[in-house]
2 protein chains.
Amino acid sequence: MPNCDHEEEHAFAAARAKMNMPKEEEIASLATAFKAISEPSRLKILFALRQGEMCVYHITEAVGSTQSAVSHQLRILRDNHIIKARRDGQNVVYSLADAHVMAVLSLACEHLNCQF
Amino acid sequence: MPNCDHEEEHAFAAARAKMNMPKEEEIASLATAFKAISEPSRLKILFALRQGEMCVYHITEAVGSTQSAVSHQLRILRDNHIIKARRDGQNVVYSLADAHVMAVLSLACEHLNCQF
DNA sequence: CTATTATATGAACACTTATTCATATACTAA
DNA sequence: TTAGTATATGAATAAGTGTTCATATAATAG
């Protein structure tokens, strides 16, 4: 046990923390969602889609990668409901799933003092 | 080149995306920051610190891990300015760096429809 | 000083994951 | 159906990362 000036308050905070800790399952979901947006290749896709919906070819162009790599990343983003897809003829058109996505990115940019 | 109903708009969106794409450096910073909060072990620490500042011992208790593992994770969170530290005698007391952190977590929980 | 407590960290191993290559599926046109 | 275009995906390899173990540093007490 520690012995600092605030030992008692910390112990209470720890007890509250244990009591209010989200379930493993919720923690895991959150972690997976954040992991989905924590790769440069995927962030680029999100910043690209901020300009509007696009099909895979144009996303590939916008982010400067290969069709295969982009498709793999699109799948991860879609599985995590970060983006959504709809088919249009031979193409599949992707767009951001909802307003939360850019809101989170904006907050993070604010946190880092970088404007975009 | 694709050939869907919206080819032209997508091409324009792709052009805008290229023009407005954040620099590699900014993308990397964002990715690193999100990566910092995308592990269950680190998320637990953040949810623990939501209850107030705590020293390492109590954080370890609150999240149910080992001192070494927690220390390694605290370092990652601190390096990314997600949490801050101050020494108090033999102890080091950790707390959330700023309001952005919980704001991002709240948004994400909202996105996942999980209350915490 | 020495002993003890609290925290930090380097190295190693296990595990995850991003990209590439090849190929498969989905759709359209003829 | 066949040919061509757009997208998806399995396998493999390479790079990254979390935990553990052992040990180091920091602060305090005596």
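Below, chains carry the letters A, B, ... as their sequence lines are ordered, and counting in each starts from 1.
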Starting at [atom1] of [X], measure out to [atom2] of [Y] and round the result to the nearest 0.5 Å.
{"X": "E39(A)", "Y": "I45(A)", "atom1": "CD", "atom2": "CD1", "answer": "11.0 Å"}
{"X": "M21(A)", "Y": "K18(A)", "atom1": "CE", "atom2": "NZ", "answer": "10.0 Å"}
{"X": "S29(B)", "Y": "K23(B)", "atom1": "OG", "atom2": "NZ", "answer": "11.0 Å"}
{"X": "L74(A)", "Y": "I59(A)", "atom1": "CG", "atom2": "CD1", "answer": "5.0 Å"}
{"X": "I37(B)", "Y": "I83(B)", "atom1": "CD1", "atom2": "CD1", "answer": "12.5 Å"}

Side chains of T60(B) and Q67(B): is there a donor and an acceptor less than 3.5 Å apart? no
If you check the [X] side chain, which of [options] turns out closest?
{"X": "S71(B)", "options": "dA18(C), dT7(D), dT9(C)", "result": "dT9(C)"}
{"X": "S41(B)", "options": "dG18(D), dA8(C), dT7(D)", "result": "dG18(D)"}
{"X": "Q73(A)", "options": "dT19(D), dT7(D), dT19(C)", "result": "dT19(C)"}
{"X": "A69(B)", "options": "dT7(C), dT20(D), dT7(D)", "result": "dT20(D)"}

Are OP1 or OP2 of dA8(D) and a side-chain N or O of Y94(A) less than 4.0 angstrom apart? yes
OP1 or OP2 of dT19(D) less than 4.0 angstrom from a side-chain nitrogen or oxygen of T66(B), does that happen here? no
Could you pull out all residues at least two apart from A11(B) that satisfy side chain to side chain contact (heavy atoms under 4.5 Å, CB included)?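 Once residues adjacent in sequence are excluded, the partners of A11(B) under the side chain to side chain contact (heavy atoms under 4.5 Å, CB included) criterion are H58(A), E7(B).
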What residues form a side chain to side chain contact (heavy atoms under 4.5 Å, CB included) with T32(A), not counting sequence neighbours? N80(A)
Between protein and nucleotides 10-13 of chain C, what N or O pairs are separated by less than 3.5 Å?
residue: dG10(C); atom: O6; partner: H72(B); partner atom: NE2; Å: 2.9

Find the distance [X]:[atom1] to [N]:[atom2] and express it as a whole number of Å.
{"X": "I76(A)", "N": "dA8(D)", "atom1": "CD1", "atom2": "C1'", "answer": "13 Å"}
{"X": "R42(A)", "N": "dA18(C)", "atom1": "CZ", "atom2": "C1'", "answer": "8 Å"}
{"X": "I83(A)", "N": "dA8(D)", "atom1": "CD1", "atom2": "P", "answer": "9 Å"}
{"X": "N91(B)", "N": "dT25(D)", "atom1": "CG", "atom2": "C1'", "answer": "15 Å"}
{"X": "L43(A)", "N": "dA18(C)", "atom1": "CG", "atom2": "P", "answer": "12 Å"}
{"X": "K35(B)", "N": "dG18(D)", "atom1": "NZ", "atom2": "C1'", "answer": "13 Å"}
{"X": "I27(A)", "N": "dG18(D)", "atom1": "CD1", "atom2": "P", "answer": "15 Å"}
{"X": "F34(A)", "N": "dT17(D)", "atom1": "CZ", "atom2": "P", "answer": "18 Å"}

By the 4.0 Å heavy-atom rule, please label I59(A) as base, sugar-phosphate, or nothing. nothing
Show every salt bridge (Lys or Arg N to Asp or Glu O under 4.0 Å) that has at least one partner inside residues 53-74 of chain B, sequence neighbours left out. E53(B)-R86(B)
Between protein and nucleic acid, restricted to nucleotides 23-30 of chain C and to nitrogen or oxygen atoms under 3.5 Å apart, what atom pairs and distances do you find?
residue: dC27(C); atom: O3'; partner: G89(A); partner atom: O; Å: 3.4
residue: dC27(C); atom: O2; partner: Q90(A); partner atom: NE2; Å: 3.4

Can you pull the ring-ring contact (aromatic ring centres under 6.0 Å, His included) pairs that have at least one residue in residues 84-104 of chain A, sequence neighbours excluded?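 Checked against ring-ring contact (aromatic ring centres under 6.0 Å, His included) - neighbours excluded - the pairs reaching residues 84-104 of chain A are H100(A)-H111(B).
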